[in-house]
Amino acid sequence: PAMAGRGRGRGRGQMTFNVEAVGIGKGDALPPPTLQPSPLFPPLEHRAAPLPGGEEGEYMLALKQELRGAMKNLPYFVKPGAPRRDIERYSDKYQLSSPVDSAIDWNPDWRRLPRELKIRVRRLRKGRTTILIPKCKQRVALDKEETIKKLESLEKKEEEVTSEEEEEKEEEEEGKEEEEEEYDEEEHEEETDYIMSYFDNGEDFGADSDDNMDEAVY
Amino acid sequence: MTQAEIKLCSLLLQEHFGEIVEKIGTYLIRTGTQPLRMIVNDTGLLLDQVKKALCVLIQHNLVTYQLQKRGFVEYEAQCKRILRILRYPRYIYTAKTLYSDTGELIVEELLLNGKMTMSAVVRKVADRLTETMEDGKTMDYADVSSTFVRLADTHFVQRCPSAPEIPESPEAPPPPAPTLVVNEKDMYVVPRLNLIGKGKRRRSCDEEENGEPKAKKQKRDGESLEPPPDDGIYWQVNIDRFHQHFRDQGIVSAVANRMDQTSSEIVRTMLRMSEVTTSSSAPYTQPLSSNEIFRSLPAGYNIVKQVLDQYLTLLADDPLEFVGKSGDSGGGMYTVSILSGFGSRCARIFRLLLRKKHLEQKQVEDFAMIPAKEAKDMLYKMLSENFVSLQEIPKTPDHAPSRTFYLYTVNVPSSARMLLHRCYKSVANLMERRQYETRENKRLLEKSQRVEAILASMQATGAEDAQLQEIEEMITAPERQQLETLKRNVNKIDASENQVDETIFVLESFIESTIRRP
């Protein structure tokens with residue numbers, strides 16, 4: 001009995017088991033060997049069953065698309081930073097560049113997170129610590145006293161959490177990140193009476209996502 | 001974690017959270033548990049990007065962290081939970097059917113934000129509902145609160161593990177990461193809140209607000225500078241509870257298909273009575289007496305006790321074993337079998353082989369009454385796809401092939417796993433195709449959106465019809481056609497993704513049940 005595969009190429013070739021037991025009759029041709037990957041769009045043998053229609057299906061479809069659109073506009077959707085500008089433009093001074101990389105637009109509850117995840121904004125050269133202030137959509141004239149009070153309470157909160165070790169690590173990290181553009185609200189906001197959100201030099205045109213949420217989102 | 005699952009997770013993360021979060025999530029899925037430094041090094045992303053992404057992922061319960069003994073923190077992706085993003089529409093829709101629009105929005109907000117305090121949810125949902133109401137009408141916080149309580153009572157939402165209280169002595173340095181504690185007995189306890197207020201509409205014209213100081217505006221918007229009364233108590237959607245509901249629905253409709261409406265209502269009643277006492281992995285419900293069942297039937301069902309007992313007996317006697325009898329007290333004790341929902345589906349595919357367990361090919365031909373050639377083809381196809389396998393039964397000790405039986409047999413759990421794998425691949429392919437279609441038509445889509453925006457603003461300022469028409473014509477007829485086609489295709493693909501996820505649910509539940517079967 002030629003069991004070891006000798007005789008390959010002679011007629012059908014030998015198998016280690018009796019092919020008749022699985023129904024391959026004597027003299028039946030076996031399909032040719034596969035020499036290439038299967039085609040990208042193999043012929044469809046059975047048509048796909050139609051999708052169930054109906055209210056439930058329609059509603060879930062709408063929900064799915066709305067969710068997709070909604071998520072893109074939430075602060076959890078992390079966008080990469082704006083590309084670095086190679087030419088310094090005059091308008092840059094008044095750009096409302098959002099702190100995309102270096103701050104979080106929502107306030108996580110830091111009591112529930114590892115401390116190493118907290119992002120710190122670089123200190124001002126003048127030695128004053130800049131606190132992470134939650135970004136708000138409308139730049140309205142701040143009530144000075146309220147701001148100072150708020151800053152003080154936030155500063156106090158920060159001090160409770162910061163330890164000496166952390167400070168050192170922070171310095172190290174900030175050294176590495178010197179080259180990054182860090183948005184400092186205080187620095188940029190001081191000198192103009194113009195409301196930042198009104199200014200648009202047209203560079204973002206077409207880059208970002210939908211304004212009109214009534215339209216179905218794809 | 002198969003490649004197909006990883007790929008699908010990546011696509012879901014990318015679509016809902018962007019590429020940066022996707023990159024980090026995928027990295028963690030592939031490499032397992034990692035500390036922050038490794039993630040930064042290996043992904044090549046900036047430190048702040050990684051931090052932000054991890055915060056987002058943790059917020060949404062997609063990544064968990066663990067403080068190691070040596071003082072550093074490690075992060076781990078929850079792949080199965082990431083796959084659940086596919087099911088969000090179904091959770092939200094279910095909430096709508098059970099607790100109407102208010103319930104729907106509560107669940108939606110919790111899913112969109114990962115976790116929230118009850119006061120934040122109530123405020124947000126009241127605002128959203130108010131937007132949809134007629135002018136002058138507003139949604140009361142109390143109404144939203146009561147729906148929230150119902151969701152908590154029926155376990156559809158639950159409290160998140162809580163952060164430890166601030167230690168009495170602040171001199172000791174705080175740990176690098178808090179250890180969150182699961183409080184079993186408080187999991188569904190709603191804090192006593194006195195939420196008074198109504199939803200507010202978003203003002204479209206903000207001119208009046210310019211003079212207001214920021215703090216006052218914030219307070220009016222509902223963001224108080226003081227911590228809310230339920231500060232630190234966060235809620236999340238209880239996904240397992242929704243799955244239990246889907247399973248119950250499946251059983252009820254299986255009963256309805258096989259028997260009649262009344263039988264399915266009885267089973268539905270039994271399941272409802274057992275909702276919170278049955279754990280999500282139990283093979284059957286706690287025993288219920290027929291007296292209890294009789295008392296709990298919905299008001300519309302006017303059947304007498306004897307008729308109920310007859311139905312229960314019928315259900316218990318049915319070979320598909322929907323209901324089991326477990327005792328005689330209280331008029332007869334009955335349980336619902338959770339596994340019954342699967343039997344009929346598998347049997348439809350493999351009925352013959354399942355009943356007979358092992359068959360030779362000749363026998364398959366004979367029993368199925370299918371011509372030899374066709375039977376052979378089908379068997380080989382199933383064999384090559386691993387739906388069936390060949391088992392050798394030697395007739396003689398030397399295992400000589402000519403004297404060995406070759407039997408076909410079905411390996412149901414592995415078939416289920418294989419089908420599941422195919423489903424993951426299918427959804428991934430569907431998503432890729434959908435994204436491709438959208439990308440190909442990006443320019444046209446943007447143009448269409450711009451035109452819509454212009455039209456909207458023109459209509460708001462009372463433009464004439466002729467002017468509006470001029471703008472509309474900026475989109476040519478063939479372009480309109482293209483947009484129609486795109487919309488139709490995207491809708492079809494999206495609907496398919498929903499459909500495949502339904503199958504994924506059934507297969508995953510089935511596989512899970514075969515593992516736990518006693």
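Labels below follow one simple rule: chain letters A, B, ... track the order of the sequence lines, proteins then strands, and each chain is numbered from 1.
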Give a yes or no answer on whether the side chain of B:R90 reaches the backbone of A:M60 with a donor-acceptor pair at less than 3.5 Å.
no
Less than 4.5 Å apart, any side-chain heavy atom of B:I58 and any of A:L117?
yes
Is there side-chain contact between A:Q65 and B:V490, with at least one heavy-atom pair below 4.5 Å?
yes
Closest approach of B:P178 to A:P114 (non-hydrogen atoms, all atoms of both residues)
CD-N, 4.1 Å
Chain B contact via A:L113 - side chain, backbone, both or neither, heavy atoms under 4.5 Å:
both
So which residue, B:I92, B:L67, B:I85, B:V50, ends up with the most heavy-atom pairs under 4.5 Å with chain A?
B:I92
At their closest point, which heavy atom of A:L61 faces which heavy atom of B:N491, and how far apart are they?
CD1-O, 3.6 Å
Do B:Y234 and A:D109 touch side chain to side chain, with heavy atoms closer than 4.5 Å?
yes
Between B:Q435, B:K96, B:E108, which shows the greatest number of heavy-atom pairs under 4.5 Å with chain A?
B:K96
Where do A:P80 and B:I20 come nearest, in terms of heavy atoms and distance?
CA-CD1, 3.7 Å
Taking NZ, NE, NH1 and NH2 as the nitrogens, is one of them in B:D494 or A:R68 under 4.0 Å from a carboxylate oxygen of the other?
yes
Value rounded to 0.5 Å, distance of CD in B:E15 from NZ in A:K72
5.5 Å
State, with a plain yes or no, whether a side-chain heavy atom of B:N113 is found less than 4.5 Å away from one of A:Y76.
yes
Do the non-hydrogen side-chain atoms of A:Y59 and B:T97 ever get within less than 4.5 Å of each other?
no
Among B:N441, B:L57, B:V73, B:T179, residue most engaged with chain A (heavy-atom pairs, under 4.5 Å):
B:V73
Give, as side chain, backbone, both or neither, the part of B:K492 having an atom under 4.5 angstrom from any heavy atom of chain A.
both
I'd like to know whether A:W106 forms a side chain to side chain contact (heavy atoms under 4.5 Å, CB included) with B:V56, so could you lay out the CA-CA distance, the side-chain angles of the two residues, the decisive distance to 0.1 Å, and finally the verdict.
CA-CA 10 Å; A:W106 55 285; B:V56 165; 4.1 Å; yes
Which bit of B:L180 is near chain A, if near means a heavy-atom gap under 4.5 Å: side chain, backbone, both or neither?
side chain
Relative to chain A, which of B:E437, B:H60, B:E19 shows the most heavy atom pairs under 4.5 Å?
B:H60
Which portion of B:Q14 sits near chain A, non-hydrogen atoms under 4.5 angstrom
backbone
When you measure from the side chain of A:R115 to the backbone of B:P175, do you find a donor-acceptor pair of N or O atoms at a distance under 3.5 Å?
yes
Per-residue contact mode, A:E56 against chain B (heavy atom under 4.5 angstrom):
both
Less than 4.0 Å between a side-chain N and a carboxylate O, is that true for A:R111 and B:D231?
yes
Portion of B:Y93 that has a non-hydrogen atom of chain A nearer than 4.5 angstrom:
both
Quick check on side-chain contact (heavy atoms from CB on, under 4.5 Å): which of B:L36, B:L47, B:L54 does A:E116 satisfy it with?
B:L36
Is the closest side-chain heavy-atom distance between A:F77 and B:V21 below 4.5 Å?
no
Less than 4.5 Å to any heavy atom of chain A: does that hold for the side chain of B:F72, its backbone, both, or neither?
neither
B:Q499 versus chain A, the contacting section by heavy-atom distance below 4.5 Å:
side chain
Side chain to side chain, B:C160 and A:R112, heavy atoms closer than 4.5 Å:
yes
